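Written out below as C-alpha cells is the structure these notes cover.
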Amino acid sequence: MSKPVDNAVSTVRTYIQNHRTAFLDDLAEWLRIPSVSAQPDHAADVARSADWLAAKLRETGFPTTEVWPTAGAPAVFAEWPSEDPEAPTVLVYGHHDVQPAAREDGWDTEPFEPVIRGNRLYARGAADDKGQVFFHTLGVRAHLAATGRTAPAVHLKLLIEGEEESGSPHFRDLVEAKAQRLAADAVIVSDTGMWSEDTPTVCTGMRGLAECEIELYGPDQDIHSGSFGGAVPNPATVAARLVAALHDEHARVAVPGFYEGITALTDQERELFAELPFDEERWLRTAKSTATHGEAGHTTLERIWARPTAEVNGIGGGYQGPGSKTIIPSSAMVKLSFRLVAGQDPEHIEKAVRAWAAEQVPAGIRYEITFGAATRPCLTPLDHPALQSVVRAMGRAFEQPIRFTREGGSGPAADLQEVLGAPVLFLGISVPSDGWHAPNEKVELDLLMKGVETTAHLWGDLAESWREAH
C-alpha cells in the first residue's frame, strides 16, 4: 500500500526549491561580513551584520525589526504578530557574531568568502550560527505559502545576539531590560546540532556552568626548603590536596551538598540515549584520549549530558623553570569549573564550594576564591507539548524517527528560560563534521533545507497543540 501524500510537505518543498538559489545568495552575502565579536577591530563589522539582518528580516515580512544596542555588540529583534490574538508567542534565539578566522589558520579558502563545493557551503558562520539563524527567514515564508496565511500561525519573535562567541557578557542584562518585549510562551534555540546526518535528533537540555579560581598564599616570599621545609605549610601542597579531595574513589564530586536537588535521569531517557548509534572508540579519537573515565554507574553519554561534573582547568605554583630551585613557594592557584544539571542552583554550588575549601585549607594558608558569572542549566521534559511539536515538525521534514540528545556544554539559553519563564527548545541541523570554531567550517546544504522545512511545519503545529492544551 502506498504511503499517503502529505500535501503540505509537497507544497513546502516546492516553495523551498523555487527559492533556494536566492536564499543561498542572501546567506552568502551575510557570511561575507566578518562579524567577529571577540576582536575590537571588527566592531564595525558586527554592527554592519546586525543592520544587514534587520533589513533582511524586514524584507522577509517582519513588520517590526530593531537593532538593540548593548554595552558591547548589538542584538537584532524582530516581531511578526499572528492574526489570531489567542495564538502562542514563540521567541527564536540565535547569534550573528562568529569566531575569528584567517586563511593561515588552515582554511582551504578565504573564510569570509563563501564557497559551495558539492553540496556543502564553506565559510565562517555557515553553521555557527548564521546559517541556522537564516533558515528561519525562508521557513516562515514557506509556512505562509503552504497555509495561505498572511501572518504566521504563532506570534513570532526573533532575538539574535551579537556577543555569543565572546561569552554573552551583556546578554542577561539585555533580556532583563527587554523582558516585556521578549515575553514568550516558548523559546526556540537555533544554535545547536544533531547527532549525525543519518540520525536527526532534538536536544532536550543543556548543562549550566559555575567556575572559580582559588588563590593560596603561604610565606610572604619564597623560602628555603631546607631551612623551613616540613615546619610551615606549603601552598603548592595545599593546591594539590584540594585537587585530590575534589572527587571520591568512584569519581563522584566530593563537595558536600553538590548533588542536592538534581533532576535524575528517568529510565525512559536512559533507554533513549542507549538507542543512539554511539561508537565509544570513535568518540575517544575525537576526544584525543585513550580511555574513558567518570562517575561510576553511568555511561559516557550520561556523564557528558546528564550528570554534573567538577574539573580542574589549571593548577600552578612554585618554581617551574629548568633545573631545581629548592623552595617553599609563597603562592599557588587552582582553577575549577563545575558543569551543572537541572535542579542545581549555581548560588548553592558556590556556597558549597566555599564551605568545602574552608574545611580543606589548613591554618597558615591564606586563600581567596573568586567566582565568575554563572550559567544555569535548562531541561525540557520529554512530554512537553512544545517539544513534541518540534519533534513532529522535524519528523515531517526528515521523514524518519527523531531521537533525543542533550548538550554537555553551556550557553545563554538558560537566561531566557529563567528571565522569561518559558520552556527552551532546541532546533538545529548542524552535524559534528561542520567544524564549529575550526578551519573550513561548513554546512550541509541538504540539512540546511531540512531546517527550513522544519520551521515551515513548526509554527502551525505549535499553534494547534497550544489550542488543544488550552
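All values reported here derive from a predicted model rather than from experimental measurement.
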Can a salt bridge be assigned to the pair Glu407 and Arg207 using a cut-off of 4.0 Å between side-chain N and carboxylate O?
no
Flag for Ser389-Ser465: side-chain donor and acceptor within less than 3.5 Å:
yes
Quick check for you: to the nearest 0.5 Å, what is the distance between Leu121 atom CG and Leu31 atom CG?
6.0 Å
Check whether the side chains of Glu161 and Ser168 place a donor and an acceptor atom closer than 3.5 Å, and report yes or no.
yes
Residues Arg282, Glu280: salt bridge by 4.0 Å N-O rule
no
Is there side-chain contact between Val255 and Leu246, with at least one heavy-atom pair below 4.5 Å?
yes
Main-chain N/O of Gly125 paired with Asp128 side-chain donor or acceptor, under 3.5 Å:
no
Taking C-beta and beyond as the side chain, do Arg392 and Met394 meet within less than 4.5 Å on heavy atoms?
no
Does Pro100 offer a backbone N or O that forms a donor-acceptor pair with the side chain of Arg124 under 3.5 Å?
yes
Show your reasoning for whether side-chain hydrogen bond (donor to acceptor under 3.5 Å, both in side chains) applies to Glu464 and Trp466.
CA-CA 5 Å; Glu464 185 62 30; Trp466 180 266; over 6 Å; no
I'd like to know if the side chain of Glu441 reaches the main chain of Ala127, judged simply by a donor and an acceptor atom lying under 3.5 Å from each other, with no hydrogens or angles considered.
yes
Check for a donor-acceptor pair, side chain of Gln132 on one end and backbone N or O of Ile429 on the other, with a separation under 3.5 Å.
yes
Between Asp461 and Arg396, does any NZ, NE, NH1 or NH2 come within less than 4.0 Å of an OD or OE carboxylate oxygen?
no
Could you walk me through whether Arg181 and Lys157 pass the side chain to side chain contact (heavy atoms under 4.5 Å, CB included) test, one step at a time?
CA-CA 9 Å; Arg181 298 286 305 277; Lys157 299 178 181 180; 5.7 Å; no
Taking atom types as modelled and ignoring hydrogens, do the side chains of Ser430 and Trp436 form a donor-acceptor contact shorter than 3.5 angstrom?
yes
Could you check whether His170 and Glu163, counting side-chain N and O atoms only, form a donor-acceptor pair closer than 3.5 Å?
yes
Please verify the inter-ring angle class for His42 with Phe112; under 30° counts as parallel, over 60° as perpendicular, anything in between as tilted.
tilted
Given 3.5 Å as the limit, does a donor-acceptor pair link the side chain of His95 with the main chain of Ile160, or not?
no
Any side-chain heavy atom of Asp185 within less than 4.5 Å of one from Leu462?
no
Determine whether a donor-acceptor pair (N or O, by modelled atom type, separation under 3.5 Å) exists between the side chain of Asn440 and the backbone of Trp107.
no
Check: Arg339 side chain, Pro308 main-chain N or O, donor-acceptor pair, under 3.5 Å:
no
Pair Ser410-Thr375, side-chain donor/acceptor within less than 3.5 Å:
no
Considering only NZ, NE, NH1 and NH2 on the basic side and carboxylate oxygens on the acidic side, decide whether Glu399 and Arg13 come within less than 4.0 Å.
yes
Looking only at the side chains, is there a donor atom on one of Lys442 and Ser433 sitting less than 3.5 Å from an acceptor on the other?
yes
Kindly check if the number of other-residue, nucleotide or ligand heavy atoms within 6.0 Å of CD (Glu176) is above 12?
yes
Return the minimal non-hydrogen interatomic distance between Ala422 and Val187, and the atom names on each side.
CB-CG2, 4.1 Å
Residues Glu79 and Pro63: closest non-hydrogen pair is O-CD, 3.2 Å
To the nearest 0.5 Å, how far apart are CG in Leu427 and CG in Leu387?
11.0 Å
Is it true that Glu295 and Arg303 have a side-chain N and a carboxylate O under 4.0 angstrom from each other?
no
Straight-line distance of Leu447 CG to Arg120 CZ, nearest 0.5 Å
10.0 Å
Run the salt-bridge test on Arg48 and Asp51 with the 4.0 Å N-O cut-off and return the result as yes or no.
no
Between Pro152 and Leu144 the two heavy atoms that sit nearest each other are N-CD2, 3.7 Å
Will you find, in the side chains of Ser49 and His96, an N or O donor that is under 3.5 Å from an N or O acceptor?
yes
Thr292/Trp283 under side chain to side chain contact (heavy atoms under 4.5 Å, CB included): CA gap, chis, key distance, verdict:
CA-CA 10 Å; Thr292 61; Trp283 181 85; 4.1 Å; yes
Quick one, Leu138 and Ile16 - any side-chain contact, counting heavy atoms below 4.5 Å?
yes
Would Val390 and Ile188 satisfy side chain to side chain contact (heavy atoms under 4.5 Å, CB included), going step by step from the backbone distance to the final call?
CA-CA 9 Å; Val390 175; Ile188 301 289; 4.1 Å; yes
Can we say Glu110 and Arg103 salt-bridge, meaning some charged N sits less than 4.0 Å from an Asp/Glu carboxylate O?
yes
Identify whether the distance between the nearest side-chain nitrogen and carboxylate oxygen of Glu83 and Arg149 falls below 4.0 Å.
no
Expected output: side-chain Glu468 to main-chain Ala463 donor-acceptor under 3.5 Å
no
Before we go on, tell me: are the rings of Phe135 and Phe23 under 6.0 Å apart, centre to centre?
no
Could you go step by step and tell me if His143 and Thr455 meet the side-chain hydrogen bond (donor to acceptor under 3.5 Å, both in side chains) rule?
CA-CA 8 Å; His143 162 65; Thr455 59; over 6 Å; no
Side chains of Arg403 and Thr201 only: does a donor on one sit below 3.5 Å from an acceptor on the other?
no
Is there a donor-acceptor contact under 3.5 Å linking the side chains of Asp45 and Ser35?
no
Measuring only between side-chain heavy atoms, which start at C-beta, is Glu113 closer than 4.5 Å to Arg32?
yes
Carefully, step by step, assess Thr14 and Gln17 under the rule side-chain hydrogen bond (donor to acceptor under 3.5 Å, both in side chains).
CA-CA 5 Å; Thr14 298; Gln17 185 58 39; over 6 Å; no
Interatomic spacing from CD in Gln39 to CG in Asp97 - rounded to 0.5 Å:
11.5 Å
Within a strict 4.5 Å, meaning less than it, do heavy atoms of the His19 and Arg141 side chains meet?
yes
Assess whether a salt bridge exists between Asp84 and Arg467, defined as any Lys/Arg side-chain N lying under 4.0 Å from an Asp/Glu carboxylate O.
yes
Side chains of Tyr93 and Val424, heavy atoms from C-beta outward: is any pair under 4.5 Å?
no
Mind listing the closest non-hydrogen atom pair of Val189 and Ala413 along with its distance?
CG2-CB, 3.9 Å
Exam field: side chain Lys130 to backbone Trp30, donor-acceptor pair closer than 3.5 Å
yes
Below 4.0 angstrom, N of the basic side chain to O of the carboxylate: do Glu29 and Lys56 qualify?
no
Which atoms form the tightest heavy-atom contact between Phe426 and Cys203, and what is the distance?
CD1-O, 3.3 Å
Are any of the side-chain heavy atoms of Ile349 and Gln344 separated by less than 4.5 Å?
yes
Tell me if a side-chain donor or acceptor on Asp434 pairs with a main-chain N or O of Val431 at a distance below 3.5 Å.
yes
Let's go through Leu272 and Leu382 carefully: what are the C-alpha distance in whole Å and the side-chain angles of both, what is the deciding distance for side chain to side chain contact (heavy atoms under 4.5 Å, CB included) to 0.1 Å, and is it a yes or a no?
CA-CA 10 Å; Leu272 291 170; Leu382 291 174; 3.5 Å; yes
Plane angle bin for Trp305 and Trp195 - parallel if under 30°, tilted between 30 and 60°, otherwise perpendicular:
perpendicular
